[in-house]
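Note that these values count all heavy atoms, side chains included, but never hydrogens, waters or copies made by symmetry. So you know, we letter chains A, B, ... as the sequences are listed, proteins then strands, and number each from 1.
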Number of protein chains: 2
Amino acid sequence: MAPPAPAPRRLQRTAGRRKPAGHYHHGDLRRALVDEAVKTIRTRGVDQLTLRAIGERLGVSRTALYRHFSDKQALLAAVSTEGFRTLRLALTAAWEEHGRGRPGFEAMAGAYVRFAVTHPAHYQVMFGRFVESAAASADLQREARAAFDVLVDALVAQQKAGIVRRDEPALQARFIWAAVHGIAMLAIDGQLGGDEHGEALNAYAIERLRRAIAATP
Amino acid sequence: MAPPAPAPRRLQRTAGRRKPAGHYHHGDLRRALVDEAVKTIRTRGVDQLTLRAIGERLGVSRTALYRHFSDKQALLAAVSTEGFRTLRLALTAAWEEHGRGRPGFEAMAGAYVRFAVTHPAHYQVMFGRFVESAAASADLQREARAAFDVLVDALVAQQKAGIVRRDEPALQARFIWAAVHGIAMLAIDGQLGGDEHGEALNAYAIERLRRAIAATP
DNA sequence: ACCTGAACACCGTTCAAGT
DNA sequence: ACCTGAACACCGTTCAAGT
């Protein structure tokens, strides 16, 4: 893996702030720390994530991290924030690329579970201690909210199209989110016994959820 | 709190086993360890659970635990097993005391979420690392399965009564479990913003899930 | 059989000191 | 400003030794 390119010599001077992001040991150590944390979590699991190992792997003292994060929890919050951003982009893409209707909605559900299954440890960090992390990080709160709003918007669009019941959108969205989240958790935990079993539940769940919120009685 | 009563002097001799449970420091140290772990988890959270503190609180060496559990993970598995047993009893009670029909099923859903909300840390241990724990503990696997079977049985009964679609019961049960589990997680995480908000989602979800699996089109 | 105390190999975090 | 090394106060677990 090639070393990251050095920070550009000429920096945009933001009015009022001097040298907002100078030359770190790694160009952008904060970025590198989050990336390395994600990588470790993905391969070794959350439990195996130690600040010392991260520092060592980046060729940096084990306390260098404290220049960019107040503590380990804050680093995990950053990982979580990035996770919600990735998730939101995946949901939006699925919704828009499938015509913002019934197929788009089903694609969204699929994208959600797929994200969880392909980023299991990441997903676990996102929902493991959400309240505590969100309370300490406005960024995380904002990003999680944005992801949720994608779902709300999709439901409102379908309500207007007459294919979904006109219930309170936020309430309806929480219900759908909870159900899909539960399926994602079961899938991650391997409680669905193999891929084809997981696919079967996924298909069944989408069919049942569609019926649950369908406009026509 | 009164100290536990000393172990009875005369023990039933199980054929083939000699002194199956002799006189521990605490009569039944294993039991005391699980209870203390549950208490700590409930009041301080899972993260704050240390074997040293448990030993100290029981007036026992910090390594005494290893006579009864292979490691910390095993202790947590025991906590988890007990949690599933309590959950199963609550589900069964709700189902049976409300007439094993539609009201019974709704009472079950309520009992499930109530268990999760009133035992949040306990619930987190149960589902936090389920696969790993279940793989190492046959007891846990059995107890979790038993709880799941309560739901399957309730669905089969309703299928026979003609009020629920005749889908594959295990698949249907996984769907319902996933949805309720998701709601429980949101409720625990406080993402429902207060009790009345949580109650509203709960009521809405039960109504929608009933529709999702209803027999009549 | 059951329990102990000392020891081992780890942690996250703090802080004075370097450049 | 950013980074370091030593130190602090913790962990879970092992193991020889006690009764």
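For A:D47 and C:dC10, the CG to P distance is 17 Å, given to the nearest whole Å. Following rounding to the nearest Å, B:R67 (CZ) and D:dT19 (P) show an atom-to-atom distance of 17 Å. Regarding B:R30, its CZ atom lies at a distance of 16 Å from the C1' atom of C:dC2, rounded to whole Å. In this structure, the CG atom of A:L29 is 17 Å from the P atom of D:dA1, given to the nearest Å.
A distance of 14.0 Å separates CZ of B:F127 from CD1 of A:I188, quoted to the nearest 0.5 Å.
With sequence neighbours left out, B:E143 forms a salt bridge (Lys or Arg N to Asp or Glu O under 4.0 Å) with B:R88. Here A:R31 pairs with A:D28, A:V34, A:D35, A:E82 under the side chain to side chain contact (heavy atoms under 4.5 Å, CB included) rule; sequence neighbours left out. Every salt bridge (Lys or Arg N to Asp or Glu O under 4.0 Å) that A:D139 has, sequence neighbours left out, goes to A:R142. B:R145 pairs by the side chain to side chain contact (heavy atoms under 4.5 Å, CB included) definition with B:D149, not counting sequence neighbours. By the salt bridge (Lys or Arg N to Asp or Glu O under 4.0 Å) test, B:R100 is found to be paired with B:E96, residues two or more places apart in sequence or in another chain being considered. A search for salt bridge (Lys or Arg N to Asp or Glu O under 4.0 Å) contacts involving A:E97 returns nothing, not counting sequence neighbours.
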Nucleotide pairing, DNA chain D (Watson-Crick or G-U, distances under 3.5 Å), in dot-bracket with [ ] and |: ||.|||||...|||||.||
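Listed by first and then second residue, the side-chain hydrogen bond (donor to acceptor under 3.5 Å, both in side chains) pairs involving residues 44-55 of chain A are A:D47-B:R129 (not counting sequence neighbours).
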Table of protein N/O atoms under 3.5 Å from nucleotides 11-14 of chain C N/O atoms:
{"from": "C:dG12", "atom 1": "OP1", "to": "A:L51", "atom 2": "N", "distance (Å)": "3.2"}
{"from": "C:dG12", "atom 1": "OP1", "to": "A:K72", "atom 2": "NZ", "distance (Å)": "3.2"}
{"from": "C:dG12", "atom 1": "OP2", "to": "A:L51", "atom 2": "N", "distance (Å)": "3.3"}
{"from": "C:dG12", "atom 1": "N7", "to": "A:R52", "atom 2": "NH1", "distance (Å)": "2.2"}
{"from": "C:dG12", "atom 1": "O6", "to": "A:R52", "atom 2": "NH1", "distance (Å)": "3.3"}
{"from": "C:dT13", "atom 1": "OP2", "to": "A:Y66", "atom 2": "OH", "distance (Å)": "2.8"}
{"from": "C:dT13", "atom 1": "OP2", "to": "A:K72", "atom 2": "N", "distance (Å)": "3.0"}
{"from": "C:dT13", "atom 1": "O5'", "to": "A:Y66", "atom 2": "OH", "distance (Å)": "3.0"}

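Close to C:dC3, at under 4.0 Å from its OP1 or OP2, lies a side-chain N or O of B:H68.
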